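To keep things clear, I will list the structure first and then write my remarks on it.
These values consider heavy atoms only, across backbone and side chains, with no hydrogens, waters or symmetry-generated copies. Predicted model, so just to flag it, every value in this text is computed and none were measured.
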Amino acid sequence: DSVTESKKSAKDPLTGNERFLMKVTFGAVGSILLEKDLFLYYDPTPISYLNSGMTQAVVRHVLTHQTEPQGGWHLDTLIRAVAGDIQGTTLRNARRRIKADAAELERCGVVIEGDRVRRTKASA
C-alpha cells in the first residue's frame with residue numbers, strides 16, 4: 001500500500017555511503033497475495049551465480065515443480081515454458097547458454113542428460 005523512508009540507515013554496498021532504508025507496508029490485498037504465494041524449498045543462492053538468465057529461469061522452473069515428468073523435462077520444452085515460443089537461432093543460443101552452465105546447474109540440483117533435464121537425487 002505504501003513505501004516510505006525508514007529512520008534506520010545502512011551502508012550502501014555499491015557506493016559505501018550511508019543511506020536510509022525503505023519501509024514497505026502491505027495492505028489486506030498484499031497480505032493475501034503473500035499468504036497465497038509459492039514457497040521456496042530450495043536455496044536460491046547458487047542460482048544467482050549462473051551466467052545466463054535463461055539458465056536461471058529454467059532452473060527455477062524445474063525446482064518449483066513438485067513432480068518431474070517421467071524421463072525428465074525436454075530441454076526445448078523448458079526453454080519455451082520460460083521464454084515463450086522461440087525458434088531458430090534464438091532457441092539454439094538458449095540451448096548453448098544452458099549447456100555452458102552445466103557444471104553450475106549441478107550445484108543447483110539440476111542435470112542435463114542429452115536433451116533431457118532432471119533434478120538430482122539431492123534436490124528431489
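Nearest approach of D43 to P46, heavy atoms of both residues: O-CD, 3.2 Å. Nearest heavy atoms, G27 versus D1: CA-OD2, 2.9 Å. In terms of heavy-atom proximity, F20 sits nearest to E5 at CB-CG, 3.4 Å. What you find for L91 and R80 is that their closest heavy atoms are CD2-NH2, 3.3 Å. Between T55 and I98, the shortest heavy-atom distance links the atoms OG1-CA, 3.4 Å. Of all heavy-atom pairs spanning H61 and A81, the tightest one is CE1-CB, 4.0 Å.
No continuous path of ILVMFWY side-chain contacts below 4.5 Å connects V111 to M54, so the two sit in separate hydrophobic clusters. In the hydrophobic cluster analysis, where Ile, Leu, Val, Met, Phe, Trp and Tyr join through side-chain heavy atoms closer than 4.5 angstrom, V82 is grouped together with L78. V3 and L33 are assigned to two separate hydrophobic clusters, defined by single-linkage of ILVMFWY side chains at heavy-atom distances under 4.5 Å.
Summarising the geometry, atom OG1 belonging to T120 is positioned 10.5 Å from atom CZ belonging to R118; distances are rounded to the nearest 0.5 Å. Expressed to the nearest 0.5 Å, how far CG of D85 lies from CD1 of I79 amounts to 12.0 Å. Note: R19 CZ to K11 NZ = 12.0 Å, rounded to the nearest 0.5 Å.
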Could you walk me through whether L21 and S9 satisfy the side-chain contact (heavy atoms from CB on, under 4.5 Å) test, starting with their C-alpha distance in whole Å, then the side-chain angles of each, then the deciding distance to 0.1 Å, before giving a yes or no?
CA-CA 5 Å; L21 301 176; S9 64; 6.0 Å; no
Given the rule in the side-chain contact (heavy atoms from CB on, under 4.5 Å) test, do N51 and R97 qualify, once you have shown the distances and angles that lead to the verdict?
CA-CA 8 Å; N51 294 317; R97 286 186 196 103; over 6 Å; no
E68 and W73: side-chain contact (heavy atoms from CB on, under 4.5 Å), yes or no, with the steps?
CA-CA 7 Å; E68 178 179 297; W73 287 270; 3.5 Å; yes
Take M22 and T4 through the side-chain contact (heavy atoms from CB on, under 4.5 Å) test and state the conclusion after the steps.
CA-CA 6 Å; M22 301 304 289; T4 56; over 6 Å; no
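Between L75 and R116, every side-chain heavy-atom pair lies at or beyond the 4.5 Å cut-off. In this structure, L63 and I47 have side chains that are in contact, with non-hydrogen atoms separated by less than 4.5 Å.
Side chains of R92 and T89: a donor-acceptor N/O pair is present below 3.5 angstrom, by distance only.
Although no hydrogens or angles enter the test, the distance criterion places a donor-acceptor pair under 3.5 Å between the side chain of D101 and the main chain of S52.
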